[in-house]
Amino acid sequence: MSRVVACLWLPAGIVVAAVLHGGMALPVEPQAWLSLAVVAPCGLPLAWACGRLLRIGYRRTAWGSFAVLAPLTAVAALFAGLLGPVAILIYALVLSAPAWLLYALLRRAK
């Protein structure tokens with residue numbers, strides 16, 4: 001996964017979740033887009049876990065984990081945003097834990 005995608009998947013997912021959940025249009029104000037910059041590093045734990053799974057040869061597991069956990073993380077981050085950036089980080093860390101657990105188990109099995 002490229003570094004740009006690793007940083008941008010969570011802000012993009014939050015925008016998509018907000019549009020789908022609230023039926024809202026994309027934000028027009030630049031401040032709304034800039035506020036998502038704080039969220040970008042919060043998506044790195046899941047991206048790193050999936051990247052590690054890819055490196056040890058579990059391509060389907062990596063992409064499957066990302067396909068399941070990324071939307072959950074984006075929706076959780078959307079609602080955690082009401083509590084602030086620290087809550088978003090906590091939700092992102094907790095929701096990336098299954099991918100890290102898979103990585104640890106599969107690396108040990110090799």
Side-chain angles (χ1 to χ4, degrees):
M1 193 177 297
S2 77
R3 290 181 180 149
V4 173
V5 173
C7 283
L8 294 180
W9 76 263
L10 186 55
I14 290 172
V15 169
V16 169
V19 168
L20 292 177
H21 183 266
M24 316 178 340
L26 293 175
V28 182
E29 305 85 25
Q31 300 89 340
W33 292 104
L34 288 176
S35 68
L36 290 173
V38 176
V39 177
C42 296
L44 290 175
L46 180 59
W48 286 338
C50 293
R52 299 267 175 127
L53 286 167
L54 282 171
R55 279 190 205 109
I56 63 170
Y58 290 95
R59 186 176 192 86
R60 288 183 184 169
T61 304
W63 285 108
S65 297
F66 189 79
V68 170
L69 296 174
L72 292 174
T73 305
V75 170
L78 178 65
F79 292 109
L82 299 172
L83 302 173
V86 174
I88 294 172
L89 177 61
I90 291 169
Y91 273 85
L93 288 171
V94 168
L95 288 170
S96 70
W100 283 107
L101 181 63
L102 271 173
Y103 168 68
L105 292 172
L106 293 172
R107 190 184 74 182
R108 196 171 291 191
K110 268 197 157 183

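These numbers come from the heavy atoms of this one structure, side chains and all, not from hydrogens, waters or symmetry mates.
What you find for Cys7 and Leu44 is that their closest heavy atoms are SG-CD2, 3.9 Å. Residues Ala74 and Leu10 come closest through the heavy atom pair CA-CD1, 3.8 Å. The two residues Pro71 and Ala67 have their closest heavy-atom pair at CD-O, 3.1 Å. Across all non-hydrogen atoms, the minimal contact from Ala62 to Leu54 is CB-CG, 3.7 Å. Contact record, Leu95 with Ala76: CD1-CB, 3.6 Å, taken as the closest heavy-atom pair. Trp9 and Gly43 get closest at one heavy-atom pair: NE1-O, 2.9 Å.
The number of heavy-atom neighbours closer than 6.0 Å to CH2 of Trp48, taken from other residues, nucleotides and ligands shown, is 12 or below.
With a 4.5 Å cut-off on side-chain heavy atoms, Pro98 and Leu69 count as touching. Within the 4.5 Å cutoff, the side chain of Thr61 has no heavy atoms near those of the Tyr103 side chain.
Summarising the geometry, atom OH belonging to Tyr58 is positioned 12.0 Å from atom CZ belonging to Arg107; distances are rounded to the nearest 0.5 Å. Atom-to-atom distance recorded for Leu101:CG and Ser96:OG is 11.0 Å, nearest 0.5 angstrom. Note that CD1 of Ile14 is 5.5 Å distant from CD1 of Ile88, once rounded to the nearest 0.5 Å.
Residue Phe79 is found in a hydrophobic cluster whose other members, listed by chain and number, are Val75; membership requires side-chain heavy atoms under 4.5 Å apart, directly or through intermediates. Clustering of Ile, Leu, Val, Met, Phe, Trp and Tyr by side-chain heavy atoms under 4.5 Å joins Leu93 with Leu89.
Val15 and Tyr91 fall into different hydrophobic clusters, defined by Ile, Leu, Val, Met, Phe, Trp and Tyr side-chain heavy atoms under 4.5 Å apart, directly or through other members.
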